[in-house]
Amino acid sequence: MTTFADERERLLYQALRIRRVEEHIARIYPSDCIQSPVHLSLGQEAVAVGACAPLRAGDRVFGTYRSHAFYLACGGSLREMMAELFGKATGCAGGKAGSMHLTAPEVGFMGSSAVVASTIPNAVGAALAAQRLGTGAITLAVFGDGATEEGVYHESLNFAALHRLPVLFLCENNGLAVHSHRASRQSYDLMHHARGFGITAEHCASGFDPMAVRALVEMAAQALRAGAGPRFIECATYRYAEHVGIGDDHDVGYRSPADCAAWRAHDPLILEAARLERFEAAIAAEIADAVTFAAASPWPEPDALLRDVA
Amino acid sequence: MTTFADERERLLYQALRIRRVEEHIARIYPSDCIQSPVHLSLGQEAVAVGACAPLRAGDRVFGTYRSHAFYLACGGSLREMMAELFGKATGCAGGKAGSMHLTAPEVGFMGSSAVVASTIPNAVGAALAAQRLGTGAITLAVFGDGATEEGVYHESLNFAALHRLPVLFLCENNGLAVHSHRASRQSYDLMHHARGFGITAEHCASGFDPMAVRALVEMAAQALRAGAGPRFIECATYRYAEHVGIGDDHDVGYRSPADCAAWRAHDPLILEAARLERFEAAIAAEIADAVTFAAASPWPEPDALLRDVA
Amino acid sequence: MGLAYRIEESATLVTYRDALWRTMHDALARDPSVIVMGQGVDDHKGIFGSTTGLATTFGATRVFDVPLAEDGMTGVALGAALGGLYPIQTHIRCDFALLAVNQLVNMVAKYRYMFGGRFRVPMLVRTVIGRSWGQGAQHSQSPQALFAHVPGLVVVLPSAADSITATYDALIGEKQVPVISFEHRLLYDVAFRAPASAPEWPLAPLGSILRRRGRDVTVVATSILVLEALRAAEHLARTAGIEVEVIDLHCASHPDREMILGSVARTGRLIVADTSWCAYGVAAEICRLVCEHDPSALRAPVTTIGMAPAPCPTAKTLEDLFYPSLRRLSDEIAALARGTRQHGIELPAEASMADVYKKFKGPF
Amino acid sequence: MGLAYRIEESATLVTYRDALWRTMHDALARDPSVIVMGQGVDDHKGIFGSTTGLATTFGATRVFDVPLAEDGMTGVALGAALGGLYPIQTHIRCDFALLAVNQLVNMVAKYRYMFGGRFRVPMLVRTVIGRSWGQGAQHSQSPQALFAHVPGLVVVLPSAADSITATYDALIGEKQVPVISFEHRLLYDVAFRAPASAPEWPLAPLGSILRRRGRDVTVVATSILVLEALRAAEHLARTAGIEVEVIDLHCASHPDREMILGSVARTGRLIVADTSWCAYGVAAEICRLVCEHDPSALRAPVTTIGMAPAPCPTAKTLEDLFYPSLRRLSDEIAALARGTRQHGIELPAEASMADVYKKFKGPF
Ligand SMILES: Cc1ncc(C[n+]2csc(CCOP(=O)(O)OP(=O)(O)O)c2C)c(N)n1
Ligand SMILES: Cc1ncc(C[n+]2csc(CCOP(=O)(O)OP(=O)(O)O)c2C)c(N)n1
Ligand SMILES: [Mg+2]
Ligand SMILES: [Mg+2]
């Protein structure tokens, strides 16, 4: 077992692990061993590890197509994730999900959808179940800034607030939906909008800092467990890679390399690289193991095609 | 031509006319000459006549299944409306629309939908067309309080605000969706919510007063024509009849007769009955004429069944 | 087999509405994880009487009104199902389920498969087909084909009290699959002879149901058209000795192929009568089953009966042309059985279907 | 007739993408009321290259990005159409059109009829069928049947550059009907031999298209499966002398009955190959047309080919089983033509369709 000086180091380690996993995915992607689109969270890892840290057994998380980070932060198996990306029978969904539909219900990661905003009401529903069944569990709805434009977001906030459901709406605001900036898509302020439903909203400007995210989520989780009704947290963050795929697209004109540089200047995984160096070898070994596992795993049997339909 | 002492009297006359039309509909409804559900605006007439008063030729209105009042306030033909309710070929839609889908494009009444909130984005689109084509026209999106719960409302406000479209969102807030009170459906304040999109919002507490509604809409219309972006007006109002149908349902428990009495105590059509008496005969004659017209009109020919499909 | 229908009033009969209310009540009573959610489920009208009083009996946390937000509420139901509840969601018109197609098709239908079988989605979406009178284009549709096209959903159209009881009870008990049901508004007031005991329900809750045996013509029908087919069959048996076999499709997503193909093999003559449009609908699907199996079984072209290929108009005169009728059905069966449109068989005199079934009067 | 396909690279050929870009460009240039709206239409990728640069040429008021709000934006497009614009709306995956089913089915399809013909709804919704690789359950659907079931919508599936040009140009010119189009992602890079002149397009823009004449088997195909059918036909003609007639359905809502029924009457053997599920899909609908007309024309059961009855899995091995393939199509045609599965005809060796068509590599 890896040991950590403190909680911050533990979270940085987790973030680093996610980054290295995704960097490795990018590295092997050209070989076509992963035959599925990948939406990388490079730059956004701290949000996931900070947000999942305060969760307990029984709590649930619903994610998006960009969920490598949350899947791993929840404790999803790296081997099963890699095997899933490879389309193998040993994948977390037996090779039917690919990168966009990761799931690990055994650790509360309930699934992720490639249709933007679609899991938000699902998270609200899971919170309804928890409330009605009195489990004491809370649910995290994770989504991007673009997702808030969908009507179902409005419907979800309203219902959650009406029933004071234990759901935390967590927005990863990277300022972009594919190549569109928020200003060309949104006429509202995210926090002000959420507050309009009577939902307490907080902003985390330093989404690069897992401890900052953790602190806000911890507070919110306490309120949720106390039955105080839904919460909203907006985390500023930054996506280093292109929207989908492994490239860097700072040269195509829709965003500037300067913005990227500014974010990197805050990024603890870069700034504290020396201190984190001691974890690198173990992480690399773990990744190598997962890739080996995935590569060596069998393809799904043909009869899986019609299994679990209805 | 009827002449009026002033604009207020003109509007009261219009409201009275609408009321008498709907009362007549209620009277003849049991005979089954109208074979279509009717959602009466009894009690809500002042909103329609006040809101339509400042409109000009070329402006457009999109309504709901509860649109007798707006159809008539826009200047839609009473004969064609009655014939439409009777399912006759001379109806405003040739007998294909019934009460829920009234239309009179010749006076800017663009249509009405039985699917709650569905015409709201249509109104925004018509405003987009007016803006892009530079017609100077404005568009009214009319909807009830319940409609604001639908996701498409959120999407419509956002898009209209983003593009500063000349659309007025006009909410007839009767506090009810069928038998549900707002508190059991909405966690937000309507005006505060609209303002969250940067939309100027006004409230009209005296929705029984056509001049009050008129004044707010007039102001909003000026701003819209000046290109100041969309506006929102919430008009408090009260529905006297049951949600659908001709009955009064104050006895079934979901609302109290006292509320109704309170509203009636403000209703100028009741308070000023004596003064408005002089219009009654002409209105009655006009209604009788429309009913005669409708009754005497032919049914649609069978070949209308497959006409105008696509 | 041949569970009989009676359109009459009697205390010993069970109405469609009563069957609905009973299944809702019993599910709530039996299983604490069951919730009923929908616009107006807790009001005095209670979804045409099918949920009346249940909020009082079982409490507002289990039977509750929802905002106007069909897509969101379907997503909530799915999430609740994943979280351990059994949600029953209602739409007072099935047309409103069209606002929830994203959740139903992209999420509910796929949640189990897409995640490699790691989840189950036990839920029931109850929707009402809106024919009564003057409902118009948006309150009259019957979109079973849209949902049955998509693997992962179970699509049922109960035609009678017995099919509601058997299907809903079994499904809500089993809790494994997402079901969307299309209940017909005009059936709510119809009283059906109750099966004397449970074992009289002879079939799997998701199969098709052989409602009447006959050697001359096979009619595969859905929803209220099952009743119309049975009425036509009785008329034609009585007046012309034509024996019609009536198959109640019941489960549009999982039709009983053997039953249908076996019947067509025997009669050689097929009519499909569905509550929706024929194109890409039940009519098309049944033709596919026959064509893939053995089209030579058909001794004549198939007759398909459904809504006219247009949106629904409101005028009564057009509406009566728009919807299939007993008269039209009888005429088509007679023509197919006799091999000529000049069959000379007297047709049942009838007013429109709405008049026949509508005990209620007035708006909805 | 028989406009030939070539899957090759050459400057004299027209790609599907180029045809799309050209129709978009020309529509904007020709008619100031045309607008193009959709997520990403103005970005550097421009809907897989079909709108690239148009925002610069025609300005941001005519070609613009929209928020993520499919239902709302469809409603906006409808309103804009009523207000005098001709909106072209894009969805980079047709699966996202499922969020707009309310506007498309309840409003767009009905606006003209429901108001007695007092409005027209001139608009085009362009959507992309998402097969490439590992797209999974929600980026791989092909819901033409859902929309073709509903009267009032025109549903097209262009299989080639010529069908895009003819259809889009004519529709955007005529401006009368709401159209939803399903473009296939894998076709974007395919180059088609351009018709030498306009008159070579022999058919109504909404008809079906006879792509190849043949006496032995009729294949009715949609979208990319038209190309697969043509490849299979060439292979079988060359290796076994089997002559396949290939009908490009093109317009799912308005199939050319005469063409299809005439062909089946001649060949007596029918295969339907569609990009979606067979149940309640194109396969079913074509069977309906035949069954209603003259099932005795069929000398053998119909073969239907489509997606496996499941959501789409991502693993390549499963995906290749999930989608119809050239090999499977060839095998089925051969079996039908020879009347036995042991037809002994050599099948084309092939990698999966994605490999064949995919010049692009990587994510989408
Ligand atoms: C309903 C829907 N519309 C459009 C898309 C295409 N799309 C995929 S990701 C995306 C951007 C979403 O942005 P955001 O929610 O901010 O998430 P991010 O990618 O930035 O993490 C879009 C438009 C989709 N997948 N689903
Ligand atoms: C999308 C949709 N959901 C539900 C309904 C059923 N329904 C008809 S009217 C209505 C209430 C609407 O309330 P509101 O918008 O306040 O308008 P009001 O009837 O009070 O004028 C409902 C729920 C519908 N027609 N459409
Ligand atoms: Mg974003
Ligand atoms: Mg209201």
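On a predicted model such as this, the values are computed, not experimentally measured, just so you know. Letters A, B, ... are given to chains in the order of the sequence lines, protein chains preceding strands, and every chain is numbered from 1.
Taking the six-membered ring where tryptophan is involved, the planes of B:Phe143 and B:Phe232 are tilted, since the angle between them lies from 30° to 60°. Taking the six-membered ring for Trp and thresholds of 30 and 60 degrees, B:His163 and B:Phe159 have ring planes inclined between 30 and 60 degrees apart.
When heavy atoms are compared at a cutoff of 4.5 Å, B:Val115 approaches chain D solely by way of its side chain, counted from C-beta outward. Interface remark: B:Leu157 contributes no atoms to any contact with chain D (heavy atom separation under 4.5 Å). Neither the backbone nor the side chain of B:Ala114 comes within less than 4.5 Å of any heavy atom in chain D. Only the side chain of D:Pro67 comes within less than 4.5 Å of a heavy atom in chain B; its backbone stays farther off. Heavy-atom distances place the side chain of B:Phe62, and not its backbone, under 4.5 Å from chain D.
Of the charged side-chain nitrogens involved, none lies within less than 4.0 Å of a carboxylate oxygen, so that B:Arg195 and B:Asp189 do not count as a salt-bridged pair. Under 4.0 Å is where a charged nitrogen must lie from a carboxylate oxygen, and between B:Arg307 and B:Glu301 no such pair does.
In this structure, B:Arg132 forms a cation-pi arrangement with D:Phe64, its terminal cationic atom sitting closer than 6.0 Å to the ring centre and no more than 45° off the ring axis.
Contacts of residues 101-112 of chain D with chain B at a heavy-atom distance below 4.5 Å involve D:Asn102, D:Gln103, D:Asn106, D:Met107, D:Ala109, D:Tyr111, D:Arg112, listed in sequence order.
Between the side chains of D:Asp169 and D:Thr23, no donor N or O sits under 3.5 Å from an acceptor N or O. Side-chain atoms of D:Glu70 and D:Gln89 include no donor-acceptor pair closer than 3.5 Å.
Nearest heavy-atom pair, D:Tyr168 versus D:Pro158, reported as atom, atom and distance to 0.1 Å: OH-CG, 4.2 Å.
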